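In what follows, a single structure is set out as structure tokens and then discussed.
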Amino acid sequence: MDKLPKQYEPAEVEKKWGAKWIESGAFAAADRSGKPPYTIVIPPPNVTGALHIGHALNITLQDILIRYKRMDGFNALWMPCTDHAFIATQIVVERRLMEEKIDRRELGREKFVERVWEWKAESGGTIVNQLKSLGASCDWDRERFTMDEGLSRAVREVFVSLYEEGLIYKGEYMINWCPRCHTALSDLEVEHHERDGHMWHIRYPLADGDKELIIATTRPETMLGDTAVAVHPDDGRYKSFIGKSVVLPIANRKIPVIADEYVDMEFGSGALKITPAHDPNDFIIGERHGLERIKVIADDGTMSLKAGERYAGEDRFEARKDIVKKLEADGLLVRVEGHMSAVGSCYRCHTIVEPNVSMQWFVKIAPLAEPAIKAVEEGRVRFIPGHWENLYYEWMRNIRDWCVSRQIWWGHRIPAWTCGGCGEIMVLREDPAECSKCGGSELEQETDVLDTWFSSALWPFSTLGWPEKTEALKTFYPTSVLVTSFDIIFFWVARMIMMGLKFMDDVPFHEVYIHGLIRDQDGQKMSKSKGNVLDPLDLIDGVDLDTLLEKRVSGLMQDHLKPRIEAATRKQYPDGIPAYGADALRFTFASLATTGRDIRFDLGRIEGYKNFCNKLWNASRYVLMNTENPDDGDTQFSTADRWILARLNRTIESVHQHFATYRLDLAAQATHEFTWHEFCDWYLELSKPVLQSEQSSDAEKRGTRKTLIEVLETLLRLLHPLIPFVTEEIWRELAPRAMIDAETIMLQPFPQPLEAWQDSEAESEMNWVMQFILGIRQIRGEMDISPRKPLPVLLQNASDNDRDLAVRHEELLAKVGRTESVRLLSADQEPPPSATALLGEMRVLVPLEGIIDIEAERARLTKKQIGLRTDLGKSRGKLDKPDFVNNAPAEVVTKEKERARELEGQISKLREQIEKLENLD
RNA sequence: GGGCGAUUAGCUCAGGGGUAGAGCGCCACGUUGACAUCGUGGAGGUCGGCGGUUCGAAACCACCAUCGCCCACCA
């Protein structure tokens with residue numbers, strides 16, 4: 001076989017098949033067998049750069065499922081897409097512009113957006129290449145981008161319909177404002193982190209008289225915007241204050257003391273400053289009491305003119321310091337204490353967000369949430385694992401209106417126009433030429449864009465052509481399963497369910513398979529700023545240390561982290577990362593995709609699975625070498641032949657089951673176990689005596705050759721979804737020997753269990769052979785006998801069945817177990833001193849003379865005996881208890897009794913054997 | 001303040017009311033015509049703690065501890 005090198009080299013094979021598959025059109029959805037459609041829509045990766053290893057996991061799991069279903073005959077569609085990821089992408093491009101010393105504002109909106117499109121082309125290309133390297137069998141001809149024409153039309157259609165229905169409204173409300181990104185954020189886009197802060201206690205003197213209220217605050221700078229102080233109406237301490245005024249320090253404004261039940265009497269002094277323009281609660285209280293909203297912090301995070309000349313233009317955190325100083329100087333600061341509080345920050349740039357009152361667009365969400373909750377309750381959408389449903393319910397039942405407008409440039413522009421003449425606001429499907437009310441032509445389009453998740457929410461149907469009633473939409477909606485990680489259940493999954501139900505009148509998918517998040521070896525979440533990200537391509541192709549270092553420290557927001565990241569990287573990958581190949585990476589992902597939440601990525605495992613690919617490769621070389629000249633004469637199948645088919649059959653059954661329950665880890669485990677430990681370790685070894693022996697007939701040889709081909713060919717198909725490249729490469733060589741003429745394994749049927757392969761008789765017979773050989777090996781291994789030395793073996797107390805099997809499998813025992821001879825002892829024959837293995841009631845004896853250290857054998861048997869005694873003790877302990885015998889199921893009791901009896905038998909046989917050895921001294 | 005998850009061999013993780021598992025690592029032996037990216041054998045765990053249910057718990061229940069995560073307007 002000069003064609004197949006001794007070692008599997010993934011690089012070339014993967015490159016070759018990656019290209020061929022795409023050319024062949026095998027990835028395209030097609031009704032090939034009349035089975036129903038099976039659809040997965042990809043969670044669209046952001047066009048912010050390259051995919052990290054978490055994406056690679058997500059992609060791999062989907063590809064495994066889609067390849068499985070495609071082979072299984074379904075009309076399998078995997079929709080590829082990328083997401084414009086508004087803020088994230090805008091930040092990336094802004095940063096690149098900064099490197100060129102260009103400010104986005106100087107460039108202007110139009111030019112800036114052009115630059116983003118350029119970036120999108122580059123980044124989108126990188127991503128698609130990464131996907132292809134992983135073997136992702138997306139239907140590439142259908143590839144979409146959230147901002148392409150069709151999807152943008154869908155966005156607009158949805159926006160306008162919701163507006164017409166009154167489910168979208170514009171208004172001035174409290175929102176989260178990112179002073180760096182200069183945009184509103186939805187509640188979800190704000191991350192809360194506990195931070196060390198302070199609580200300042202400040203005197204607010206009453207306007208009349210010498211009394212005062214003590215106010216506690218964590219944000220003194222907002223006091224400049226206070227328009228009231230609130231106390232609880234039932235608070236005896238302050239009843240007399242209600243309706244009076246206090247003088248707001250520094251600002252020297254009079255503000256009223258109001259009563260509101262929101263105030264917690266127990267907390268602090270029981271008096272609360274009210275800043276309706278900069279605190280969500282105060283905003284609500286302010287609405288209740290008709291309070292003025294004074295916006296003292298401007299959109300860029302500096303103090304506004306309304307904060308007074310002294311502070312205007314000063315950064316909000318600087319102003320905080322200055323205000324505290326001033327209060328202290330004026331004797332108005334009572335005390336300061338340390339205080340931990342959860343501070344919100346922008347999920348993209350981590351700037352601390354400012355609660356701000358602002359004119360924004362909102363989606364009225366409750367009417368959409370209700371049916372979405374019901375869909376999950378009724379099981380029309382099922383989460384896997386199921387406990388994620390709790391999280392979904394929790395959020396959906398407390399959901400608040402969704403702020404969807406963003407003050408940035410990159411994204412779907414809101415289709416609303418304001419007439420300069422009459423002020424009419426129009427929300428339209430088509431760009432208007434004139435005002436619908438006054439006919440004026442001075443129309444100004446809304447500058448805001450939509451939350452990126454607005455378009456993602458439509459993804460399952462917008463990508464299939466909606467609002468057109470396309471054939472694709474009819475065929476593939478609702479999709480089958482959504483594969484994603486838990487962190488976007490709210491952002492994306494919930495919103496897709498809501499929008500799908502609203503606009504398609506059906507759920508967008510039936511199942512949501514939630515997989516874990518990949519963490520690094522220390523359990524840390526992978527992130528660019530931690531410098532612990534891994535590029536899937538670096539695992540596939542390998543990377544040297546210098547390149548890896550360069551990748552990890554370039555484009556870092558915080559330079560001071562560089563040395564630490566460098567040191568950690570050098571320590572963990574002193575020689576860079578070797579090339580493992582895509583199959584090894586995929587198999588690793590599959591085997592790590594357990595039900596838990598986190599996945600610690602462990603290089604040890606990927607190395608093991610690279611070896612697995614090599615093992616399969618070499619097993620295949622063996623099969624190919626031994627099946628070169630097939631002929632179609634008579635065949636006779638050995639027990640081993642029947643056994644391996646029976647084992648294969650069981651493996652196929654379990655793989656189907658594991659795929660159905662999304663336990664790809666178990667599917668990987670089952671195939672790994674079969675391939676390595678049954679097919680390679682046993683069957684290939686058992687096939688050698690047959691193929692190499694002069695004694696075996698041509699029919700027997702044909703039987704074994706045929707089985708080798710049949711098992712391997714089936715196994716390749718079974719493994720293909722997990723490790724597509726290496727299986728395809730081998731399969732192409734092997735297929736002609738299996739009389740299969742086809743271009744690709746990808747479209748071959750996925751193996752099905754066959755009744756004809758079931759064979760429990762062969763399984764128990766082979767079990768005997770294997771136990772026999774294992775016994776001999778154990779003696780060999782523990783007695784330090786060379787594996788090459790053939791051993792004479794004597795059988796004592798053999799049953800008829802034992803005799804039968806020993807004769808029938810003499811050849812296997814000789815070649816695989818390396819026995820020199822196997823002789824039966826009759827009942828009255830006294831065996832020579834021997835090393836012993838037990839096989840049921842039979843003793844397998846290896847005469848010691850000249851071979852074995854008697855003392856060592858005695859020690860070995862004694863040790864074994866102690867182990868068995870411990871087990872027997874436990875077993876008897878159970879059987880001696882009447883409670884057990886009376887209450888446990890009869891079946892269990894019987895089994896336990898049998899077990900005890902067997903242990904007793906084995907112990908006594910060992911004892912006799914030990915005694916014999918002792919008598920030799 | 002609510003909620004979720006995890007805790008099993010040195011490491012990474014499966015499992016699951018009746019005999020404690022895998023891979024890697026470790027020790028010993030071994031270049032037999034698929035594979036040294038390998039083979040054979042071996043060592044290694046009172047399954048986080050304390051109770052409860054049960055004939056029987058590592059598994060089920062309650063509580064606790066540790067770690068991780070999500071949600072949350074107590075200033």
Side-chain angles (χ1 to χ4, degrees), chain A residues 1 4 6-8 174 192 199 215-219 222 230 262-264 266-275 279-284 339 341-342 355 385 387-388 390-391 394-395 398 486-487 489-490 516-517 519 521 523 525 591-592 594-605 607-626 663 665-666 669 672-673 676-677 680-681 684-685 688 692 774 777-788 815 818 871 874-875 877-878 881-889 891-893 895-896 899 903:
Chain A
M1 282 315 300
L4 297 185
K6 214 166 160 180
Q7 284 164 17
Y8 175 56
M174 177 62 63
H192 293 272
M199 176 92 84
I215 307 287
T217 181
T218 53
R219 303 198 54 200
T222 63
Y262 170 77
V263 180
D264 179 353
E266 308 295 317
F267 192 88
S269 65
L272 175 64
K273 73 193 253 324
I274 305 296
T275 322
D279 182 280
N281 296 310
D282 295 5
F283 176 81
I284 296 165
H339 187 258
S341 62
H387 67 257
W388 292 110
N390 299 332
L391 187 71
E394 185 196 313
W395 187 66
N398 298 301
F486 70 90
D487 54 339
I489 289 180
F490 305 145
L517 226 51
R519 297 175 182 281
Q521 65 289 339
K525 198 167 166 175
S591 66
L592 290 173
T594 59
T595 45
R597 189 176 281 193
D598 300 344
I599 296 171
R600 276 190 198 209
F601 196 78
D602 177 21
L603 277 189
R605 287 187 80 150
E607 191 174 346
Y609 295 129
K610 181 189 164 208
N611 295 349
F612 175 65
C613 293
N614 191 58
K615 186 77 179 173
L616 178 67
W617 180 258
N618 277 294
S620 305
R621 284 179 61 227
Y622 170 81
V623 173
L624 289 164
M625 279 176 194
N626 283 289
R663 290 303 306 270
D665 58 322
L666 298 181
Q669 199 184 312
H672 184 274
E673 166 72 20
W676 204 307
H677 300 300
C680 293
D681 287 352
L684 295 190
E685 294 310 315
K688 288 174 187 174
Q692 288 159 12
L774 285 172
R777 279 182 187 163
Q778 208 165 22
I779 290 170
R780 225 187 257 283
E782 290 180 38
M783 295 285 98
D784 274 348
I785 302 169
S786 161
R788 308 188 65 177
K815 291 283 168 47
R818 290 221 144 235
D871 289 347
K874 280 188 209 164
S875 187
K878 278 188 185 179
K881 277 169 75 177
D883 279 345
F884 173 73
V885 181
N886 296 333
N887 293 323
E891 209 182 283
V892 174
V893 177
K895 205 174 142 196
E896 199 59 49
R899 186 165 168 253
L903 286 168

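Bear in mind that the values here come from a model prediction, so they are computed numbers and not experimental data. Residue numbers begin at 1 in each chain, while the letters A, B, ... track the order of the sequences.
If you check every strand for non-hydrogen atoms under 4.0 Å, Leu272(A) touches a base. Among the protein residues, Asp871(A) comes within range of no part of the nucleic acid, since none of its heavy atoms lies under 4.0 Å from any strand. When heavy atoms are screened at a 4.0 angstrom cut-off, Arg899(A) is found touching base atoms of the nucleic acid. Within the nucleic acid shown, Glu685(A) comes within 4.0 Å of at least one base atom, counting heavy atoms only. Across all strands, Cys613(A) comes closer than 4.0 Å to no nucleic acid atom at all (heavy-atom distances). Heavy atoms of Leu774(A) sit under 4.0 angstrom from primed sugar atoms or phosphate atoms, though from no base atom. Nucleic acid contact for Phe490(A): sugar-phosphate only, since backbone atoms but no base atoms lie under 4.0 Å from a heavy atom of the residue. Contacts of Lys273(A) with the nucleic acid, taken as non-hydrogen atoms under 4.0 Å apart, are absent.
Look at Arg663(A) and Asp665(A) and you find a salt bridge, because one of the NZ, NE, NH1 or NH2 atoms lies within 4.0 Å of a carboxylate O, short of that distance.
One finds a side-chain N or O of Thr594(A) lying less than 4.0 angstrom from the OP1 or OP2 phosphate oxygen of rA14(B). Residue Lys615(A) has a polar side-chain atom (N or O) positioned under 4.0 Å from OP1 or OP2 of rG39(B). An OP1 or OP2 oxygen of rG42(B) is reached within less than 4.0 angstrom by a side-chain nitrogen or oxygen of Gln778(A).
Taking the ring centre of Tyr8(A) as origin, the terminal cationic atom of Lys610(A) falls outside the region bounded by 6.0 Å and 45° from the ring axis.
Ranking rC35(B), rG41(B), rA34(B) by closeness to the Lys6(A) side chain, first place goes to rC35(B). Ranking rC70(B), rA75(B), rU40(B) by closeness to the Asp681(A) side chain, first place goes to rU40(B).
Taking a pair as Watson-Crick or G-U with both hydrogen-bonding distances under 3.5 Å, the stems of three or more pairs touching RNA chain B are B:1-7 with B:65-71, B:10-13 with B:21-24, B:26-30 with B:38-42.
Separation of the P atoms belonging to rA20(B) and rA43(B) is 15 Å when rounded to the nearest angstrom. Using atom C1' as the reference point in both rG15(B) and rA9(B), the two lie 14 Å apart (nearest Å). Across rC13(B) and rG68(B), the matching P atoms stand 15 Å from one another, rounded to whole Å. The gap from the C1' atom of rG21(B) to that of rG45(B) amounts to 11 Å, rounded to the nearest Å. Atom P of rA22(B) sits at a distance of 12 Å from the matching atom of rG41(B), rounded to the whole Å.
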Query - Test log, rule side chain to side chain contact (heavy atoms under 4.5 Å, CB included), inputs Asn626(A) and Lys688(A) - result: CA-CA 9 Å; Asn626(A) 283 289; Lys688(A) 288 174 187 174; over 6 Å; no
Can you check nucleotides 21-28 of chain B for protein contacts, nitrogen or oxygen pairs under 3.5 Å, and list what you find?
unit_1, atom_1, unit_2, atom_2, d
rG23(B), OP1, His677(A), NE2, 3.4

Could you run down the sub-3.5 Å N/O contacts of the protein with nucleotides 15-18 of chain B?
unit_1, atom_1, unit_2, atom_2, d
rG15(B), OP1, Arg663(A), NH1, 2.7
rG15(B), OP1, Arg663(A), NH2, 2.8

